[in-house]
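All remarks here apply to the structure that follows.
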Amino acid sequence: QVQLVESGGGLVQAGDSLRLSCAASVRAPSGRTFSSAAMGWFRQAPGKEREFVAFINWSGGSIYYADSVKGRFTISRDNAKNTVYLQMNSLKPEDTASYYCATKITYSSAIYTLSGDYSYWGQGTQVTVSS
């Protein structure tokens, strides 16, 4: 009852921008929907562990970023469209990775940065930044 589909990845040059989207279909066993879901973006480069990128809580009132993307990436959500976005500006070659969105059904005000905090994941979208 939970599906996450990422899109918007691609091949760009250093300094370019991309906007990733994560379309969510959320019908939790509890009956809760996307508007009660905390969302996270993670990324994984070849040979590396998955790492946290950005978090937004159910209302959009709590946002948190990894230090490596702070000031360059912006997470946002549109609950009417069941979609969360990741605007990525000033991209660097080290941003090259598969990007995943994930969701945790919660009204908590806590910030979730660990992959183990999330129950559902999308399939990912590839972002490649050339120098």
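- Within a 6.0 Å radius of NZ in K70, other residues, nucleotides and ligands contribute more than 12 heavy atoms.
- Formation of a donor-acceptor pair under 3.5 Å by the T96 side chain with backbone atoms of V129 is found in this model.
- The distance from atom CD1 of I111 to atom CG of D117, rounded to the nearest 0.5 Å, is 11.5 Å.
- Between atom CD of residue Q123 and atom SG of residue C101 there is a gap of 10.0 Å, rounded to the nearest 0.5 Å.
- Other members of a hydrophobic cluster containing L114 are absent, since no ILVMFWY side chain comes under 4.5 Å of it, directly or through relayed contacts.
- Enclosure of atom CD in E94 by more than 12 non-hydrogen atoms of other residues, nucleotides or ligands within 6.0 angstrom is indicated.
- Contact check on K92 versus D95 returns no salt bridge, with no Lys/Arg side-chain nitrogen under 4.0 Å from an Asp/Glu carboxylate oxygen.
- Side-chain N or O atoms of E6 include none that pairs as donor or acceptor with a backbone N or O of L20 at under 3.5 Å.
- Cluster annotation: Y118 is not connected to V26 through the hydrophobic network of ILVMFWY side chains, with a link wherever side-chain heavy atoms come within less than 4.5 Å.
- Side-chain atoms of T83 come within 3.5 Å of backbone atoms of K81 as a donor-acceptor pair (strictly under, hydrogens ignored).
- Inter-residue side-chain proximity for S17 and N89 is flagged as met; some heavy-atom pair is nearer than 4.5 Å.
- Taking a 6.0 Å sphere around CD of Q126, one finds it holds more than 12 heavy atoms contributed by other residues, nucleotides or ligands.
- Under the 3.5 Å distance criterion, the side-chain polar atoms of Y65 are matched with a main-chain donor or acceptor of I75.
- No donor-acceptor pair closer than 3.5 Å links the side chain of S90 to the backbone N or O of G15.
- The minimum heavy-atom distance between S131 and A14, with the atom names listed, is CA-CB, 4.4 Å.
- Annotation: the span from L4 atom CG to F34 atom CZ amounts to 8.5 Å, rounded to 0.5 Å.
- To the nearest 0.5 Å, atom CD of residue E49 and atom CD of residue Q44 are 8.0 Å apart.
- Between F73 and Y99, the ring-plane angle classifies as tilted under the 30° and 60° cut-offs.
- F42 does not carry R50 over the face of its six-membered ring by the limits of under 6.0 Å from the centre and within 45° of the normal.
- For the atom pair CE (M39) and OG1 (T103), the distance works out to 4.5 Å, reported to the nearest 0.5 Å.
- With rounding to the nearest 0.5 Å, the separation of CD in Q3 from OH in Y120 is 12.0 Å.
- Criterion: ILVMFWY side-chain heavy atoms under 4.5 Å apart, direct or through other members. Under it, W121 and Y85 are not part of a common hydrophobic cluster.
- Each of I56 and Y100 belongs to its own hydrophobic cluster when Ile, Leu, Val, Met, Phe, Trp and Tyr are linked at side-chain heavy-atom distances under 4.5 angstrom.
- Cluster annotation: F52 is not connected to W41 through the hydrophobic network of ILVMFWY side chains, with a link wherever side-chain heavy atoms come within less than 4.5 Å.
- The main-chain N or O of W58 is found under 3.5 Å from a side-chain atom of N79 such that the two form a donor-acceptor pair.
- For L18 against G8, the heavy-atom pair with the smallest separation is CD2-O, 3.6 Å.
- Between the side chain of R77 and the backbone N or O of N57, at least one donor-acceptor pair lies under 3.5 Å.
- A continuous path of hydrophobic side-chain contacts links V53 to I63 [ILVMFWY only; heavy atoms under 4.5 Å].
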Item to check | Worked check of side chain to side chain contact (heavy atoms under 4.5 Å, CB included) between R43 and E51 | outcome: CA-CA 5 Å; R43 66 187 181 186; E51 66 173 353; 2.5 Å; yes
